[in-house]
Protein chains: 2
Amino acid sequence: MRPLTHPSIDDITVEGILHALSDPVRAAIYAQLACADAANSCSAFLQMEDRSIPKSTLSQHFRALREAGLIRSERRGVEMLNSTRCEEIAQRFPGLLQAIMQSYKTQLGARKPAARRRAKAG
Amino acid sequence: MRPLTHPSIDDITVEGILHALSDPVRAAIYAQLACADAANSCSAFLQMEDRSIPKSTLSQHFRALREAGLIRSERRGVEMLNSTRCEEIAQRFPGLLQAIMQSYKTQLGARKPAARRRAKAG
DNA sequence: TCATAAGTTCGTATGTTGCGAACTATGGGA
DNA sequence: TCCCATAGTTCGCAACATACGAACTTATGA
């Protein structure tokens, strides 16, 4: 098992960030980490919005976020604590993460009621 | 040949925008369209930053940008005129495109001189 | 009608992603 | 110390996405 790697702040790229956050699941994970007071473990996300995500898939998503430089992960006992690197990134790319997260929030709020009802029922 | 399709403003998604702009070539195309006074044809981008891009690949990139809702394309005689839909998008997702474009610009400016020299030479 | 120019579509090789199964850590008892 | 449970990772494969040359379509003009 290779050790966890985190890119240095200078190696973080805009295209990497955009690609990582262009997946709705990863964006949701990132959003939740950004809102959380304390660091979250991976398994906190096995169940997301009424959808269960396989462990292996989740692991890949966390790796993608980590390698894009969006989060920092450290082993703490048997689990992994994840936190965002938003301060660092905000310094290098001011406003980027904020705009992306705000846009996702807007999009979520703009979904038509009928569509939301259908999604809940289905 | 199917006619050009443009999503309505309500069908434009954040993930679609991020994915489309997570490709540096597409981001460069979009940036140039955003800066241009008049609409640009596709073939204006066959040569980008000392790199030539195959016509078919370029066509796919334009389709990706179009289907993400980032640009509008219309036939004008034998060629295609492309322009951004940034006003519409800015209304729905304020600040998003601006932040992304500004970040790319920052990234470009932050490349170390040595790396830039090497890139130019190679 | 032929030639040319601008884009699109197709076929294929190459990459990326999602997920179950098997594996690797770490911690807590007997 | 050995065994088990828990938390993540890696592997292998199927499904999907992407890049690019070749062949095609569409418009213009001689």
Side-chain angles (χ1 to χ4, degrees), chain A residues 1-6 13 15-30 32-33 36 38-49 51-68 70-83, chain B residues 1-6 13 15-30 32-33 36 38-49 51-68 70-83:
Chain A
M1 234 175 226
R2 56 184 89 115
L4 300 179
T5 59
H6 296 88
T13 66
E15 54 267 39
I17 291 175
L18 297 188
H19 180 249
L21 294 180
S22 72
D23 182 298
V25 172
R26 286 195 292 263
I29 292 174
Y30 181 82
Q32 194 160 325
L33 287 177
N40 277 252
S41 72
C42 297
S43 56
F45 299 88
L46 283 168
Q47 202 69 28
M48 296 202 70
E49 296 155 18
R51 221 174 76 79
S52 91
I53 298 175
K55 225 167 44 148
S56 60
T57 302
L58 203 57
S59 179
Q60 311 257 51
H61 282 321
F62 272 94
R63 186 157 67 90
L65 288 170
R66 196 161 52 234
E67 294 184 348
L70 283 162
I71 66 172
R72 194 177 289 285
S73 314
E74 48 181 327
R75 257 213 129 88
R76 190 59 63 105
V78 76
E79 63 189 3
M80 202 108 140
L81 293 192
N82 303 282
S83 51
Chain B
M1 233 175 226
R2 56 183 88 112
L4 300 179
T5 60
H6 296 88
T13 65
E15 53 267 39
I17 291 175
L18 298 188
H19 180 249
L21 293 180
S22 72
D23 182 300
V25 172
R26 285 196 293 263
I29 292 174
Y30 181 83
Q32 193 161 325
L33 287 177
N40 277 250
S41 72
C42 297
S43 56
F45 299 88
L46 284 168
Q47 202 68 29
M48 297 202 69
E49 297 155 18
R51 220 174 78 76
S52 92
I53 298 176
K55 226 166 45 150
S56 59
T57 303
L58 203 57
S59 178
Q60 309 258 51
H61 282 320
F62 273 94
R63 185 158 67 89
L65 288 169
R66 196 161 52 234
E67 294 185 348
L70 284 162
I71 66 172
R72 194 178 290 285
S73 315
E74 48 182 328
R75 259 213 127 89
R76 191 59 65 104
V78 75
E79 63 189 2
M80 201 107 142
L81 293 192
N82 302 283
S83 52

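Hydrogens, waters and symmetry mates play no part in the numbers below; they use all other heavy atoms, side chains included. Quick note on labels: first sequence line is chain A, next is B, and so on, each numbered from 1.
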Taking the nucleotide of DNA chain C with the nearest heavy atom to each, does B/Asn82 or A/Ser56 sit closer to the 5' end?
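Mapping each residue to its closest nucleotide by heavy atoms, the 5'-most match is B/Asn82.
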
If you assign each of A/Val78 and A/Arg26 to its closest nucleotide in DNA chain C, which residue comes earlier from the 5' end?
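Residue closer to the 5' terminus by nearest nucleotide: A/Arg26.
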
Proximity to the side chain of [X] - top-ranked nucleotide from [options]:
X       : options              : value
B/Glu79 : C/dG7, C/dA5, D/dA19 : C/dG7
A/His61 : C/dG18, C/dA6, D/dT9 : C/dG18
B/Ser59 : D/dG8, D/dT9, C/dG7  : C/dG7

For [X] and [N], what is the distance between atoms [atom1] and [atom2] respectively, to the nearest whole Å?
X       : N      : atom1 : atom2 : result
A/Phe62 : D/dT10 : CZ    : P     : 15 Å
B/His19 : D/dA17 : NE2   : P     : 9 Å
A/Leu4  : C/dT26 : CG    : C1'   : 14 Å
A/Leu58 : D/dT10 : CG    : C1'   : 15 Å
A/Lys55 : C/dT24 : NZ    : C1'   : 11 Å
B/Asn40 : C/dG7  : CG    : C1'   : 15 Å
B/Glu67 : D/dA17 : CD    : C1'   : 13 Å
A/Leu65 : D/dT9  : CG    : C1'   : 16 Å

Under 4.0 Å between any heavy atoms, over every strand shown, what does B/Arg66 touch: base, sugar-phosphate, or nothing? Just pick one.
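Touches sugar-phosphate only.
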
Counting the atoms with a prime plus P, OP1 and OP2 as sugar-phosphate, which does B/Ser43 contact under 4.0 Å by heavy atoms, base, sugar-phosphate, or nothing?
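The residue B/Ser43 makes sugar-phosphate contact but no base contact.
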
Under 4.0 angstrom between A/Thr57 side-chain N/O and C/dC19 OP1 or OP2:
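Indeed, a polar side-chain atom of A/Thr57 lies that close.
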
Quick check on DNA chain D: between A/Gln60 and B/Pro54, whose nearest nucleotide comes earlier from the 5' end?
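Upstream on the strand: A/Gln60.
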
For residues A/Leu81 and A/Ser41, report the shortest heavy-atom separation together with the two atoms involved.
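The answer is CD2-N, 4.4 Å.
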
Say you draw a straight line from CZ of A/Arg66 to OG1 of A/Thr5; how long is it, rounded to the nearest 0.5 Å?
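OG1 of A/Thr5 is found 7.0 Å from CZ of A/Arg66.
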
B/Leu21 and its side chain to side chain contact (heavy atoms under 4.5 Å, CB included) partner, picked from B/Ile17, B/Leu18, B/Asp23
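For B/Leu21, the side chain to side chain contact (heavy atoms under 4.5 Å, CB included) check succeeds only for B/Ile17.
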
State, with a plain yes or no, whether a side-chain heavy atom of B/His6 is found less than 4.5 Å away from one of B/Ser73.
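Yes; the side chains approach each other to less than 4.5 Å.
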
Considering residues, nucleotides and ligands other than A/Gln47, do more than 12 of their heavy atoms fall under 6.0 Å from its CD?
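More than 12 within 6.0 Å, yes.
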
